[in-house]
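The shown structure was predicted, so the numbers you read here are calculated from the model rather than taken from an experiment. Whatever order the structure lists them in is the order used to number ligands and atoms, beginning at 1. Hydrogens, waters and symmetry mates are skipped; everything else that's a heavy atom, side chains included, is used.
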Amino acid sequence: MAEEFLVAQDLYKSFNEHKAVNGVSFTIYKGEIFGLLGPNGAGKTTTIRMLTTVLEPDRGHVTVGGHSIRDNADAVRSLIGVCPQELALYEDLSAIDNMVFFGRMVGLDGREARAQAMAHLELMGLVERAMGKVGKFSGGMKRRINLAIALMGHPELLFLDEPTVGIDPQSRNNIYETIEGLRDRGMTILYTTHYMEEADRLCDRIAIIDGGQIIAMDTPYQLKSRIGPLEQVTLEDVFLKLTGRRLRD
Ligand SMILES: Nc1ncnc2c1ncn2[C@@H]1O[C@H](COP(=O)(O)OP(=O)(O)O)[C@@H](O)[C@H]1O
Ligand SMILES: [Mg+2]
């Protein structure tokens, strides 16, 4: 039986009158890639911000590794790594200095931060650019650095919020391969995307989210086979069938 690693129960968050997250519950098991797939505005980032202790839920309960985000946020933070949708980088610093800085933020000493930074740059195919200023990097390279930073401190659960939006195919493939490599090494991942091909390729299980609510949750295989013959059905068809709308409206 797989071990429950993150349990989210009945989460709600409104901004003014707008219900951004409207009763969301799911469990992520250790070692899986769990996808939140939904269109822009569905509530993916708001959900992630609550799970990662950045934003307080209006209602609901979350545990990560058995620790409550409300009562034991520090313990939760020590288990997680976050790659935010908006890039969080110092453009005037080199790649390595950015990574060492964020490594120090998660409590690594200087030597360990440098060692991890180099290992993660290697993983992302950016060792040659270690000394380069991040401000001069392409969008795809910045995304890869953003992901490499999330790995500092070797988190057990990684949150990736739309990590491939607006980047070149080479960077996208590098990110896919990195994620698959991390999964092979036992990392647990929450992945959000509005690209169904990505969710289909990478995720062990997917929750389809729309209007702040989860409308279906299963393996990509099971979601598709509910609709029709697997060779012909895509997750886009699943979304269309459930909502009457296309994913990328
Ligand atoms: N800080 C905020 N203030 C007001 N509205 C917000 C805020 N953050 C998100 N929203 C709104 O909540 C809804 C869900 O947003 P978000 O979680 O960012 O969706 P997604 O990440 O799926 O695109 C959207 O309608 C968005 O405009
Ligand atoms: Mg978002």
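- In summary, K133 and E91 do not engage in a salt bridge, as defined by a charged side-chain N under 4.0 Å from a carboxylate O.
- When only non-hydrogen protein atoms are considered, atom 1 (N) of ligand 1 lies nearest to F15 CE2, 3.6 Å.
- Closer than 4.0 Å to atom 27 (O) of ligand 1 lies none of the heavy atoms of the protein.
- Remark: ligand 1 atoms within the under-4.0 Å shell around heavy atoms of A42 are 19 (O), 20 (P), 22 (O).
- Atom CD of E197 sits in a crowded spot, with more than 12 heavy atoms from other residues, nucleotides or ligands closer than 6.0 Å.
- For a threshold of 3.5 Å applied to N or O pairs, the pair formed by K44 and ligand 1 contains at least one separation below that value.
- In this structure, a donor-acceptor pair under 3.5 Å is present between the side chains of T45 and D161.
- Distance check on atom 7 (C) of ligand 1: some protein heavy atom falls below the 4.0 Å cut-off.
- In terms of protein heavy-atom proximity, atom 18 (O) of ligand 1 is nearest to T45 CB, 3.7 Å.
- Judged by the 6.0 Å and 45° rule, K142 forms no cation-pi pair with F137.
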Practice task
Check the pair K30, E156 against salt bridge (Lys or Arg N to Asp or Glu O under 4.0 Å), reporting the backbone distance first and the verdict last.
Solution key: CA-CA 9 Å; K30 196 140 184 62; E156 291 187 42; 3.1 Å; yes
Problem - Pair D200-K224, salt bridge (Lys or Arg N to Asp or Glu O under 4.0 Å): steps then yes or no - result: CA-CA 10 Å; D200 203 356; K224 289 184 287 183; 2.9 Å; yes
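- For atom 16 (P) of ligand 1, the nearest non-hydrogen atom of the protein is T46 OG1, 3.6 Å.
- A donor atom on one side chain and an acceptor atom on the other are found under 3.5 Å apart for S171 and R144.
- Heavy-atom separations between G38 and ligand 1 are all 4.0 Å or longer.
- Each protein N, O or S atom less than 2.8 Å from the Mg ion (ligand 2) was counted, giving 2.
- Residue P39 places a heavy atom under 4.0 Å from ligand 1.
- Considering CG of L93 and CZ of F102, their distance stands at 9.0 Å, rounded to 0.5 Å.
- Looking from atom 19 (O) of ligand 1 to the surrounding protein, the closest heavy atom is G43 N, 3.2 Å.
- Among all non-hydrogen protein atoms, the one lying nearest atom 23 (O) of ligand 1 is G41 N, 2.7 Å.
- Between D109 and R104 there is no salt bridge, since no side-chain N of the basic residue sits under 4.0 Å from a carboxylate O of the acidic one.
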Practice task
Run the numbers on E198 and R201 for side-chain contact (heavy atoms from CB on, under 4.5 Å), then give the verdict.
Solution key: CA-CA 5 Å; E198 275 186 16; R201 167 171 173 175; 5.9 Å; no
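- Between H154 and H120, the ring planes lie perpendicular to each other; the angle is over 60°, past the 30° to 60° tilted range.
- In the vicinity of N40, heavy-atom distances shorter than 4.0 Å reach the ligand 1 atoms 23 (O).
- Considering both main-chain and side-chain atoms, T47 never comes within under 3.5 Å of ligand 1 through any nitrogen or oxygen pair.
- Considering backbone and side-chain N/O atoms, R49 never comes within less than 3.5 Å of an N/O atom of ligand 1.
- Considering backbone and side-chain N/O of A20, none are found under 3.5 Å from N/O of ligand 1.
- Checked against a 6.0 Å centroid threshold, the rings of F26 and F34 count as neighbours.
- At a 4.0 Å heavy-atom cut-off, ligand 1 does not touch H194 at all.
- At most 12 non-hydrogen atoms from other residues, nucleotides or ligands lie less than 6.0 angstrom from CD of E56.
- Considering E162, K19, H18 only, the shortest heavy-atom separation from atom 25 (O) of ligand 1 involves H18.
- Taking the six-membered ring for Trp, Y90 and F101 have ring centres closer than 6.0 Å.
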